Amino acid sequence: MMRIFLFLATNVAIMVVISIVFSLLGLTGTLDAQGINLDLNALLVISAIIGMTGSFISLAISKWTAKQAMGVQVIGQPQNQTEQWLVNIVAKQAQQSGIGMPEVGIFQAPEANAFATGMNRNSALVAVSTGLLQHMNNDEIEAVLGHEITHVANGDMVTMALMQGVVNTFVYFFASIIGHVVDRVILQNERDHGIGYFITQMAAQIALGFLASMLVMWFSRYREFKADAGGAQLAGRGKMIGALRALQREYEPQDLPGQLAAFGISGGSAHKLFMSHPPLEERIEALQNIH
C-alpha cells in the first residue's frame, strides 16, 4: 500500500505544480479559440505533456521519496544476523527473478508493512518495517520479500506510471474542456480565460481524478494477485499463504474503518473500488486454487 500511496501522492503534487507553471507562462492560452471552440489537438498535446511528465517524474524520484517519507535506513553493511539474512534472501530471490540486486532497507513502523519501488528493475529498493520483522516468522518474511521482488521483476511501477500518465492526460483534457465551456457558456466570458475557468478546471480535475483512480486501483489489485503468485514461486505457496494469514490475524479482526494493511485494506463493497489491494481472503483463495 505504501508504494502506491507515495507514487500517487507525488504524482498529484507534480501535476498541480506543472499546471500552475503552464498557466503562469500563458501556455494554456494556445487552447483558447473564438466562441466556445477549443483547439483540441493542442489541448491533447499539452494534456499529454502535463499528464505523462507528472507520472514519470514521480516514478523517477520514487526511491528518493520513499526513503525520505518513510525514513528508510538502507543496509549498506549488515550490522546483525537479521540484516544479513534479509540481504541474503533478497539477493537469492533477485537472482532467481533475473533482476539486479535491489537496495534493502528497514523503516520504523509498528505495523507489518513492506514495499518495493524504483524506476529501474535492476536498481530498485525493497524495504520492510520493524513491525513486520517483529510480527512474522522467517518463512512469512521470505514470502513477503518474494512478493515485493516479483513487483520489481514484473516492472509494475513502470507499468503503473504509464497507466497513470494516460489517466492524467485524459483527466486534464476533459477538465479543461469543462472549464472552457463553463467560462464561455455559463459565465459568458468572451476574452482570455477568467477565474471561473481555473476554478472549474481545478474542481473538474479533482472530481475526474477521483473517478479515474478506480481504474488505477483495479490495475493495482490485478497486479497484487500476480505478485502473490510470484512470491509463492520464490518462497513456496505455503509460506505465501502463511504470510497473508498472519496479516489477516493482525488486521482484519479490527473494526477500524479505512484500516490500511500491508497487503490489503478492509472495507465495504463501495470502498473496494478504491482499494489498491484485494481482500486478503480473496488472495489466499487465489493461491489455494493454483495448480
Side-chain angles (χ1 to χ4, degrees), residues 1-13 58 61-90 93 102-118 124-152 156-157 160 217 220-221 223-224 227-228 231 235 239-240 242-267 271 274-280 283:
M1 177 60 198
M2 192 55 61
R3 171 177 57 90
I4 306 298
F5 172 77
L6 290 174
F7 174 77
L8 294 181
T10 305
N11 177 76
V12 169
S58 61
I61 65 174
S62 59
K63 272 208 312 185
W64 179 86
T65 302
K67 290 176 182 178
Q68 300 304 312
M70 301 304 299
V72 175
Q73 298 296 313
V74 174
I75 302 173
Q77 186 67 36
Q79 300 298 312
N80 52 56
Q81 288 184 341
T82 298
E83 291 185 358
Q84 186 64 64
W85 180 81
L86 284 172
V87 171
N88 290 344
I89 291 296
V90 170
Q93 294 180 343
E103 291 184 281
V104 183
I106 300 174
F107 59 96
Q108 296 290 327
E111 301 85 7
N113 214 330
F115 66 88
T117 191
L125 167 69
V126 175
V128 298
S129 69
T130 52
L132 183 138
L133 296 176
Q134 294 167 358
H135 298 154
M136 288 190 177
N137 61 39
N138 284 357
D139 284 349
E140 293 162 351
I141 296 171
E142 182 182 355
V144 169
L145 292 172
H147 174 102
E148 300 303 335
I149 288 293
T150 302
H151 274 308
V152 176
D156 286 342
M157 285 300 290
M160 175 163 282
M217 291 301 100
S220 176
R221 292 193 299 272
R223 298 313 301 172
E224 288 304 311
D228 285 344
K239 294 179 182 180
M240 192 71 246
L244 296 174
R245 290 288 187 202
L247 290 169
Q248 206 173 34
R249 290 192 299 271
E250 182 173 354
Y251 291 103
E252 291 197 343
Q254 301 178 21
D255 187 19
L256 296 177
Q259 175 69 47
L260 302 185
F263 302 104
I265 312 172
S266 58
H271 179 64
F274 298 95
M275 291 167 56
S276 64
H277 294 61
L280 290 168
R283 296 168 65 183

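Remember, it's a predicted structure, so these values are computed and weren't measured experimentally.
- Listed here is the closest heavy atom pair of T150 and G231: OG1-N, 3.5 Å.
- In this structure, the side chains of F115 and V126 stay at 4.5 Å or more apart for every pair of heavy atoms.
- The side-chain heavy atoms of V128 and V104, taken from C-beta on, include no pair separated by under 4.5 Å.
- Crowding of Q108 atom CD: a count of heavy atoms from other residues, nucleotides or ligands under 6.0 Å not exceeding 12.
- Distance check: E142 CD to W85 CH2 gives 6.0 Å after rounding to the nearest 0.5 Å.
- Taking a 6.0 Å sphere around CD of Q73, one finds it holds 12 or fewer heavy atoms contributed by other residues, nucleotides or ligands.
- Here S58 contributes atom OG and M157 contributes atom CE; the two are 7.5 Å apart, rounded to the nearest 0.5 Å.
- A distance of 12.5 Å separates OG1 of T65 from CE of M70, quoted to the nearest 0.5 Å.
- Listed here is the closest heavy atom pair of Q93 and L145: OE1-C, 3.2 Å.
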When you look at K67 and E103, which way does the salt bridge (Lys or Arg N to Asp or Glu O under 4.0 Å) test go after all the steps?
CA-CA 11 Å; K67 290 176 182 178; E103 291 184 281; 3.0 Å; yes
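- Separating the OG1 atom in T130 from the CG atom in N113 is a distance of 10.0 Å, to the nearest 0.5 Å.
- No donor-acceptor pair closer than 3.5 Å links the side chain of E224 to the backbone N or O of H277.
- Side-chain contact check for S129 versus E111: every heavy-atom pair is 4.5 Å or farther apart.
- Put simply, the side chain of I89 does not reach to within 4.5 Å of the side chain of N138, judged on heavy atoms.
- A side-chain contact (heavy atoms from CB on, under 4.5 Å) with K63 is found for exactly one of V72, V74, L125, namely L125.
- Shown here for A243 and M136, the closest heavy-atom pair between the two residues is O-CE, 3.6 Å.
- Side-chain contact between P78 and V87 is present, with at least one heavy-atom pair separated by less than 4.5 Å.
- Under the 3.5 Å distance criterion, the side-chain polar atoms of E140 are matched with a main-chain donor or acceptor of N137.
- Rounding to the nearest 0.5 angstrom, the gap separating the CD1 atom in I141 from the CG atom in L133 is 5.0 Å.
- At distances below 3.5 Å, at least one donor-acceptor pair connects side-chain atoms of Q79 with backbone N or O atoms of Q77.
- In this structure a side-chain-to-backbone donor-acceptor pair under 3.5 Å is present from H135 to G131.
- Once rounded to the nearest 0.5 Å, the distance linking CD of Q81 with CD of Q84 reads 9.5 Å.
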